[in-house]
Amino acid sequence: MSDVLCLYYSRSGKTKKAMLEVAEALDAELVEIHDAVERGGFKGWLRCGMDAMKKTTQPLSHFETEKRLQDYRLVILGTPVWAGRCSSVMRTFLKAHGQKLENVAYVVTRSSDGKNEEVYDQMDLYTAQPHGAAVSLRSGSVGYTFWQEEFLRQVRELLAR
């Protein structure tokens, strides 16, 4: 049983790909979260942006982890950036469970050139402690592998403490 949890939401598959790679590199447990909202296609894309801007949340679908959230040494949260914010699905998770998380790291995926690092601070508002490591990845960008490796280095350093 791993003491690292990679928990994520992915609408388009880009966050899922990034979190699969991170979980594999760290031999971590991997869990995907969802809500019951239809988020596919162009209408779903618009809905995602509106939900993010309004900070709208919907109940999460049931998910299971091997341990209680507070029993992991590190929880790595993965989310796409929607309208300069974390996804409303991740916001729902953080509102419900964030205070249980003492040691967190973030993987945010984006389609824009901007790194959207302000999303880290937005997510920190819901957790017991600020994040220990974070990365902003843009699928297909030249720096994707470099920044992912740098993030993994930071996470391994966190875990070695």
task = Just do the side-chain hydrogen bond (donor to acceptor under 3.5 Å, both in side chains) check on Y9 and E32 with the steps written out, would you?
result = CA-CA 6 Å; Y9 170 75; E32 185 171 11; over 6 Å; no
query = Partners of K14 by side-chain contact (heavy atoms from CB on, under 4.5 Å), sequence neighbours excluded?
reply = S12, S139
message = Please say yes or no: joined through hydrophobic side-chain contacts below 4.5 Å, possibly via intermediate residues, are M19 and F146 part of one cluster?
response = yes
query = When you measure from the side chain of K67 to the backbone N and O of S2, does any donor-acceptor pair fall under 3.5 Å?
reply = yes
query = Is any side-chain heavy atom of Y8 less than 4.5 Å from a side-chain heavy atom of I76?
reply = no
ask   = Hey, any chance W82 and M123 share a hydrophobic cluster, counting ILVMFWY side chains that come within less than 4.5 Å of each other, even indirectly?
value = yes
request  = Could I get the full list of ring pair (Phe, Tyr, Trp, His ring centres under 6.0 Å) partners for Y144, not counting sequence neighbours?
outcome  = none
ask   = When you look at E149 and R153, which way does the salt bridge (charged side-chain N to carboxylate O under 4.0 Å, His left out) test go after all the steps?
value = CA-CA 6 Å; E149 287 299 320; R153 185 195 65 74; over 6 Å; no
ask   = For P80, which of V119, V89, T109, V108 qualifies under side-chain contact (heavy atoms from CB on, under 4.5 Å)?
value = T109
request  = Scan residues 113-137 for pairs that pass salt bridge (charged side-chain N to carboxylate O under 4.0 Å, His left out), counting only residues two or more places apart or in two chains.
outcome  = D113-R138
Listed partners of A134 passing side-chain contact (heavy atoms from CB on, under 4.5 Å), at least two apart = Y106, Y120, H131
query = Between the side chain of E29 and the main-chain N/O of C6, is any donor-acceptor distance below 3.5 Å?
reply = no
query = Which pair of heavy atoms, one from S10 and one from T15, lies closest together, and at what distance?
reply = OG-N, 3.4 Å
key: Verify same cluster id: Y72, M90 (apolar side-chain graph, 4.5 Å)   = yes
ask   = Rounded to the nearest 0.5 Å, how far does OG of S111 lie from CG of N116?
value = 8.5 Å
query = What residues, two or more places apart in sequence or in another chain, satisfy side-chain hydrogen bond (donor to acceptor under 3.5 Å, both in side chains) together with D27?
reply = none
query = In chain order, what residues pass the salt bridge (Lys or Arg N to Asp or Glu O under 4.0 Å) check against D35, with sequence neighbours excluded?
reply = R39
query = In chain order, what residues pass the side-chain hydrogen bond (donor to acceptor under 3.5 Å, both in side chains) check against S136, with sequence neighbours excluded?
reply = R110
remark   = Hits for side-chain hydrogen bond (donor to acceptor under 3.5 Å, both in side chains) against Q154, two or more places apart or cross-chain, chain-then-number order -> E150
query = What residues form a salt bridge (Lys or Arg N to Asp or Glu O under 4.0 Å) with K17, not counting sequence neighbours?
reply = E21
request  = Calculate, to the nearest 0.5 Å, the distance between atoms CG and CG belonging to L94 and L77 respectively.
outcome  = 5.5 Å
inquiry  = Filter on salt bridge (charged side-chain N to carboxylate O under 4.0 Å, His left out), then keep only pairs touching residues 93-105, sequence neighbours left out; what's left?
reply    = none
query = Going only through I, L, V, M, F, W and Y residues with side-chain contacts under 4.5 Å, is there a path from L5 to I33?
reply = yes
message = Going by salt bridge (Lys or Arg N to Asp or Glu O under 4.0 Å), name the residues that satisfy it together with R85, two or more places apart in sequence or in a different chain.
response = none
key: Within-4.5 Å side-chain heavy-atom neighbours: Q148 and V22   = yes
query = Taking side chain as C-beta onward, heavy atoms only, is V104 less than 4.5 Å from Y126?
reply = no
query = Out of curiosity, T65 OG1 to H97 NE2, how far, rounded to the nearest 0.5 Å?
reply = 9.0 Å
message = To the closest 0.5 Å, what do you measure between CG (N103) and CZ (R73)?
response = 8.0 Å
inquiry  = Which residues pass the side-chain hydrogen bond (donor to acceptor under 3.5 Å, both in side chains) test with R68, not counting sequence neighbours?
reply    = D71
key: Joint cluster assignment, L137 & L26, ILVMFWY side-chain distance < 4.5 Å   = yes
request  = Specify the closest pair of heavy atoms between L74 and A105, including all atoms of both residues, with the distance to one decimal.
outcome  = CD1-N, 3.9 Å
inquiry  = Can you confirm whether L7 sits close enough to F63 that some side-chain heavy atom of one is under 4.5 Å from a side-chain heavy atom of the other?
reply    = yes
ask   = What distance do H34 atom NE2 and L60 atom CG have between them, rounded to the nearest 0.5 Å?
value = 10.0 Å
